[in-house]
There are 2 protein chains.
Amino acid sequence: MEGREARAGSRPTIADVAAAAGVARSTVSRAMNREHTFYRSESAARIRAVAESLGYEPNPSAANLRRRQTNTIGVLVSRLTDTVMATLYEEIASACAARGYHALVATTYGDPGLERDNGHTMLASRVDGLILTTATTEGGLCTELLERGVPHVLALRAYGSSPSVTGDDALGGYLATRHLVDLGHREIGILTGPDEAPTALARREGYRRALAEAGIPEMPEFVYSSTFSMESGEAAAEAFLGAARRPTAVFAVNDNTAIGFTSMVQRAGLRIPTDLSVVGYNDIPLVGRLAVPLTSVRVPFREIAAAAVDSLLDQVAGRTGTGSGAARVVAPTLIPRASTARPPVREPAAVSEG
Amino acid sequence: MEGREARAGSRPTIADVAAAAGVARSTVSRAMNREHTFYRSESAARIRAVAESLGYEPNPSAANLRRRQTNTIGVLVSRLTDTVMATLYEEIASACAARGYHALVATTYGDPGLERDNGHTMLASRVDGLILTTATTEGGLCTELLERGVPHVLALRAYGSSPSVTGDDALGGYLATRHLVDLGHREIGILTGPDEAPTALARREGYRRALAEAGIPEMPEFVYSSTFSMESGEAAAEAFLGAARRPTAVFAVNDNTAIGFTSMVQRAGLRIPTDLSVVGYNDIPLVGRLAVPLTSVRVPFREIAAAAVDSLLDQVAGRTGTGSGAARVVAPTLIPRASTARPPVREPAAVSEG
DNA sequence: CTGTTAGCGCGTTCAA
DNA sequence: TTGAACGCGCTAACAG
């Protein structure tokens, strides 16, 4: 009850616990860490009880310093206000927690420079590894990580030989388009997404495959360029509305784009799905609750997050086990909703009547 | 070129820099930290150049251990997939970065138990302070923080004597309702939000004040209970649609609720704003881009975030300066859009015709 | 299984 | 202004 008693403001240290329990500090340390076999002993439990009664909590800075690792991983996302990124990060954080790790997040705002800077900042704070979700066709930070041998995984994106976990975007694009084909559509447009985004490219590839399979030629005039934003969806809608000829259905690479597009088209007086069917991608919670619930492609973010974390921790632990370092791809699912229906009956124009 | 040369895998330490620069380690330390006057000297710049050429980056674990602080604050939010929370956190993180601090985020999913646990986890990892956004009328974690003397700030919420930075919800509710009154509405409903949420309560108070000011009695049958979710907006819509008498306008405490409500009402065939005007709250980016852009109350999240961080860092630094420890309130702004218009002309029923 | 010893990398006295 | 010495709190190596 003296001497090693903790001073007023400061928290008890391992030495306080050792003194109170009448053992050496190293013994306390072993009693606190699952890694040691001693952890499971009865006296270890007693020591932990003492620790708890003192309100002792190990100082992670000290432990990290000594252990030479932080048990923390960094996650780079474009924006947290993007529901897709927020969802993915929540799942990553929870996967980390389940494995005794911490997650740290930083935003890149789609800027490769910021991606690099924030990646370096996280590395400077000694994260054990990085999950990147913002890689473009240019590679950016991940090339450097590869060279430096820093453990990292790409999620929702793939590039070069970096390990990655992605949704099967080509399949998703195929499912979306196939759904429209099955409904009887023959004139199917696409909002393409940005050219630098491999995901967008892959979804478009799936779109092409579904069209080809159905023997439908791809119509360049039904291709509307866009980025992933709602604004670009609106811009695409203007192109759509202003064109001489319109498709009866549209596949948007992304829910946001679909929302912007749909809203603008509706404002112009078209009815969804009566006049036009629309399919989105990602199935963010919102789209199921719009005035016209949106058919969308659901991506298993939880599974992707878990796989990415597993792969990363494998690298951190040095066991680049089965399939780590490789590219893992998980399949998406189509969720049909009210925004898609059979195509409108065309006015009985010059169809085999001439 | 020998001896202190960094081993292959490990990064250079302050000792490596000292050796390379031909000075003592303490000199390097002073050259790296702005706090020292020496930092601004010419030789300090030279030392930093050497450090950079070696790729030296201070080990934060070691520095934190020594300094007894982490330069990191923790932020507790309900969910990152909630755009409001994501926005606030982005702003907090950027305010922290501007002040040389780091931000850490954890989610509570609205569960007081999780709030407590995650708060403790962050404290265990030695964050210098906490920003809470999830306090309810029950207080929860913040009571404990107050007792333990842990620096903390509530953002978007207030409770007890904890310092807080909030939007002026009563004013927001007033502005929203006043806008409807000015358009000529006399029958104005409200989606209330959860009873335990002080923000919801305050917004409702503003609603009442605007009604009273216009000499409009509050109609209990125009009060639809809800939480903050889209689902609850849909539920409220069902109550609305099923009722014998309906208001001509509705103020929703929250954009999500407004979206759920509006969608459902539109699906039932009502037109916004022709048949019904709707106002939301928070002005998340989405609502300006819906098929019918939603009138909403914009909250200055950036300002709130900056003020919260400032207040917190004041506490951390021990300078509980002017107004810190107090409650700061910032004013919201009404953003009128297409979802609000003059009330429909009522069928010329039994009005002064009997 | 437990204690002793050493040191992780840094910032900060205290002298010079 | 600079350097020497110390210790932050912890874990790992090495006895015993």
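Below, chain A is the first sequence line, B the second, and so on; all start at residue 1. Note that the structure is a prediction, hence the values are computed from the model and not measured.
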Worksheet item: Atom CD1 of B:I14 and atom P of C:dT12: how far apart are they, to the nearest Å?
Response: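 Value for this atom pair: 11 Å.
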Worksheet item: Do B:H102 and A:S125 have side-chain atoms, one donor and one acceptor, less than 3.5 Å apart?
Response: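 On atom types as modelled, these side chains do not qualify, holding no pair under 3.5 Å.
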List for me each residue that meets side-chain hydrogen bond (donor to acceptor under 3.5 Å, both in side chains) alongside [X], sequence neighbours excluded, and say none if there are none.
| X | result |
| --- | --- |
| A:R148 | A:E144 |
| B:R67 | none |
| B:E303 | none |

Item to complete: Could you tell me whether the phosphate oxygens of C:dG11, OP1 or OP2, come under 4.0 Å of any side-chain nitrogen or oxygen in B:S29?
Response: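 Indeed, a polar side-chain atom of B:S29 lies that close.
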Worksheet entry | Presence of B:R68 side-chain N/O under 4.0 Å of D:dC8 phosphate oxygens OP1/OP2 |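 Answer no for this pair, as no side-chain N or O of B:R68 is under 4.0 Å from OP1 or OP2.
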With a cut-off of 3.5 Å and sequence neighbours excluded, list every side-chain donor-acceptor pair involving residues 107-114 of chain A.
residue: A:T108; atom: OG1; partner: A:V77; partner atom: O; Å: 3.4
residue: A:T108; atom: OG1; partner: A:G110; partner atom: N; Å: 3.2
residue: A:D111; atom: OD1; partner: A:G113; partner atom: N; Å: 2.7

Item to complete: For residues 19-31 of chain B, pull every pair meeting side-chain hydrogen bond (donor to acceptor under 3.5 Å, both in side chains), keeping only residues two or more places apart or in separate chains.
Response: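 For residues 19-31 of chain B, and leaving out neighbouring residues, the side-chain hydrogen bond (donor to acceptor under 3.5 Å, both in side chains) pairs sorted by first residue read B:S26-B:R30.
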Fill in: Partners passing salt bridge (Lys or Arg N to Asp or Glu O under 4.0 Å) against B:R126 (at least two apart in sequence or in another chain)
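Counting only residues at least two positions away or on another chain, B:R126 forms no salt bridge (Lys or Arg N to Asp or Glu O under 4.0 Å).
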Atom pairs, N/O to N/O, protein against nucleotides 3-6 of chain C, distance under 3.5 Å?
residue: C:dG3; atom: OP2; partner: A:A24; partner atom: N; Å: 3.2
residue: C:dG3; atom: OP2; partner: A:T27; partner atom: OG1; Å: 2.5
residue: C:dG3; atom: N7; partner: A:S26; partner atom: OG; Å: 3.3
residue: C:dG3; atom: N7; partner: A:R30; partner atom: NH2; Å: 2.8
residue: C:dG3; atom: O6; partner: A:R30; partner atom: NH1; Å: 3.2
residue: C:dT4; atom: O4; partner: A:S26; partner atom: OG; Å: 3.3

Worksheet entry | End-to-end axis angle, where each axis spans five pairs of the helix from C:dC1-D:dG16 to C:dA16-D:dT1, to 10° |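 Rounded value for the end-axis angle: 30°.
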Worksheet item: Counting only non-hydrogen atoms, which of residues 43-54 of chain A are less than 4.0 Å from DNA chain D?
Response: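 Listed by number, there are none.
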Under 3.5 Å, side-chain donor or acceptor atoms of residues 49-57 of chain A against the rest of the protein: list the pairs with distances, not counting sequence neighbours.
residue: A:S53; atom: OG; partner: A:V50; partner atom: O; Å: 2.7
residue: A:E57; atom: OE1; partner: A:R11; partner atom: NH2; Å: 2.3

Fill in: Any residue of residues 55-65 of chain A with a heavy atom less than 4.0 Å from an atom of DNA chain C
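Within residues 55-65 of chain A, the residues near DNA chain C are A:L65.
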Fill in: Under the side-chain contact (heavy atoms from CB on, under 4.5 Å) test, residues paired with B:A95 that sit two or more places apart
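B:A95 satisfies side-chain contact (heavy atoms from CB on, under 4.5 Å) with B:R99, B:V309 once adjacent residues are dropped.
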